[in-house]
Amino acid sequence: MAERPEDLNLPNAVITRIIKEAVSSSGGRGADERARGKQVLERQLCLPSVSSQLPDGVNISKEARSAISRAASVFVLYATSCANNFAMKGKRKTLNASDVLSAMEEMEFQRFVTPLKEALEAYRREQKGKKEASEQKKKDKDKKTDSEEQDKSRDEDNDEDEERLEEEEQNEEEEVDN
Amino acid sequence: MADAVVGKDKCGEQRLVSLPLSRIRVIMKSSPEVSSINQEALVLTAKATELFVQYLATYSYRHGSGKEKKVLTYSDLANTAEKSETFQFLTDILPKKILASKYLKMLKEEKREEDEENDNDNESDHDEAES
């Protein structure tokens, strides 16, 4: 059975931030931040309506904020169930990105499709970058282990030196205390 | 952090997705018949939810009466759910507010209708018992 939407809440702080980036907030945020927020919004949404920016200094009532939060949870449920239909049509058990995109069209949120595709591209690039970075790290680590084995005998000598150094430092500290 | 997708850069670049993926996943999995969710689908759903929040907020503000006072109110949202086809799916969770007196009246009406139905059922039971 699906849980009641009230039990599946999204964090208020994040919801508030997202709303405020859409409907410019008053005080507390510098003009630069607001300007950047607007730029980001336009980049993310690519909506013609966004170009007619809302005036600054708009507030959101607590009630409205929590209502939007609930609406967001319901949206997730609706989108998931819709996406799931597409997955089942394709005889798949795992929801994938294209299912979500199809769901948006089905739900009449075509306006989201382009920004979502862009986000997907960015995400895939980032994942690729991460993978390459970790593979590089692994290569470096392997190289290091090889050279470490060669230096092992040299290291044992160094360890003795380090212990002596530490003792000297301790002696210094004791002197300072006195 | 496994949740954050593209953490904030040192220069403060917007992260790709702000909502916590773990929470989004919990909501998605609560949907019946959903077995597993690809990571990309999860990220896109989170992103879509953010877009939705922004859209709902700006739409409601522009079409609402809170505009005069530069505030987005609950009734702006309830109006949107009622009037806009796109947001119809929200009517149940964003009901319009009514006066308590009106609500009590409605409850009384419903109770009366229920009682009438029960009476009718009782009569038909009698008939069945006899035959």
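The chains referred to below are lettered A, B, ... by the order of the sequence lines, with proteins before strands, and numbering in each begins at 1. Keep in mind it's a predicted model, so treat the numbers as computed, not measured.
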Plane angle bin for A/Phe112 and B/Tyr55 - parallel if under 30°, tilted between 30 and 60°, otherwise perpendicular: perpendicular
Nearest-0.5 Å distance that lies between atom NZ in A/Lys20 and atom CD in B/Gln54: 14.5 Å
Interatomic spacing from CZ in A/Arg92 to OG in B/Ser36 - rounded to 0.5 Å: 10.5 Å
Residue pair A/Ile60, B/Val71: steps toward the side-chain contact (heavy atoms from CB on, under 4.5 Å) verdict: CA-CA 6 Å; A/Ile60 304 104; B/Val71 64; over 6 Å; no
Reported OG1-to-CD1 distance for the pair A/Thr94 and B/Ile37, which is rounded to 0.5 angstrom: 9.5 Å
Under 4.5 Å from any heavy atom of chain B - which part of A/Arg124: side chain
B/Glu33 vs A/Asn84, side-chain contact (heavy atoms from CB on, under 4.5 Å): CA-CA, chis, key distance, verdict: CA-CA 8 Å; B/Glu33 297 175 349; A/Asn84 197 42; 3.7 Å; yes
Proximal component of A/Phe75, with respect to chain B [non-hydrogen, under 4.5 Å]: both
Nearest-0.5 Å distance that lies between atom CZ in A/Arg70 and atom CG in B/Leu94: 6.0 Å
Gap between atom CZ of B/Phe87 and atom CD of A/Glu108 - 0.5 Å precision: 11.5 Å
A/Val100 versus B/Leu44, closest heavy-atom pair with distance: CG1-CB, 4.0 Å
Parallel, tilted or perpendicular: rings of B/Phe52 and A/Phe109 (30°, 60°): perpendicular
Test log, rule side-chain contact (heavy atoms from CB on, under 4.5 Å), inputs B/Thr86 and A/Met107: CA-CA 8 Å; B/Thr86 319; A/Met107 292 159 69; over 6 Å; no
Nearest non-hydrogen partners of B/Ala48 and A/Leu116, listed with the distance: N-CD2, 3.6 Å
Donor-acceptor side-chain pairing of B/Ser31 and A/Ser81 below 3.5 angstrom: no
Hphob cluster co-occupancy, B/Leu104 + B/Leu99, side-chain heavy atoms under 4.5 angstrom: no
Side-chain touch A/Ile18/B/Leu19, heavy atoms, less than 4.5 angstrom: yes
Electrostatic pair A/Glu118-B/Lys47, nearest N-O below 4.0 angstrom: no
Close side-chain approach of B/Lys70 and A/Asn59, heavy atoms under 4.5 Å: no
Proximity breakdown for B/Ile27 and chain A, heavy-atom pairs closer than 4.5 Å: both
Pairwise side-chain contact, B/Thr73 with A/Glu63, heavy-atom cut-off 4.5 Å (strictly under): no
Over all atoms of both residues, closest heavy-atom pair of B/Leu56 and A/Ala71: CD2-CB, 3.8 Å
CD (B/Glu85) with more than 12 external heavy atoms under 6.0 Å: no
Side-chain heavy atoms of A/Val74 within contact of B/Asp92, under 4.5 Å: no
A/Lys117, NZ: over 12 other non-hydrogen atoms inside 6.0 angstrom: no
Separation of A/Tyr78 OH from B/Leu90 CG (nearest 0.5 Å): 9.5 Å
Toward chain A, the part of B/Leu77 with a non-hydrogen atom under 4.5 Å: side chain
Distance-minimising heavy-atom pair for A/Lys93 and B/Ser35: O-OG, 2.9 Å
Linked, directly or transitively: A/Phe86 and A/Leu101 (ILVMFWY side chains, under 4.5 Å): no
Minimum side-chain heavy-atom gap A/Leu95-B/Asn38 below 4.5 Å: no
Stepwise side-chain contact (heavy atoms from CB on, under 4.5 Å) test for A/Leu10 and B/Ile24: CA-CA 8 Å; A/Leu10 295 164; B/Ile24 300 274; 4.0 Å; yes
Heavy-atom closest pair, residues A/Val58 and B/Tyr61: CG2-OH, 3.3 Å
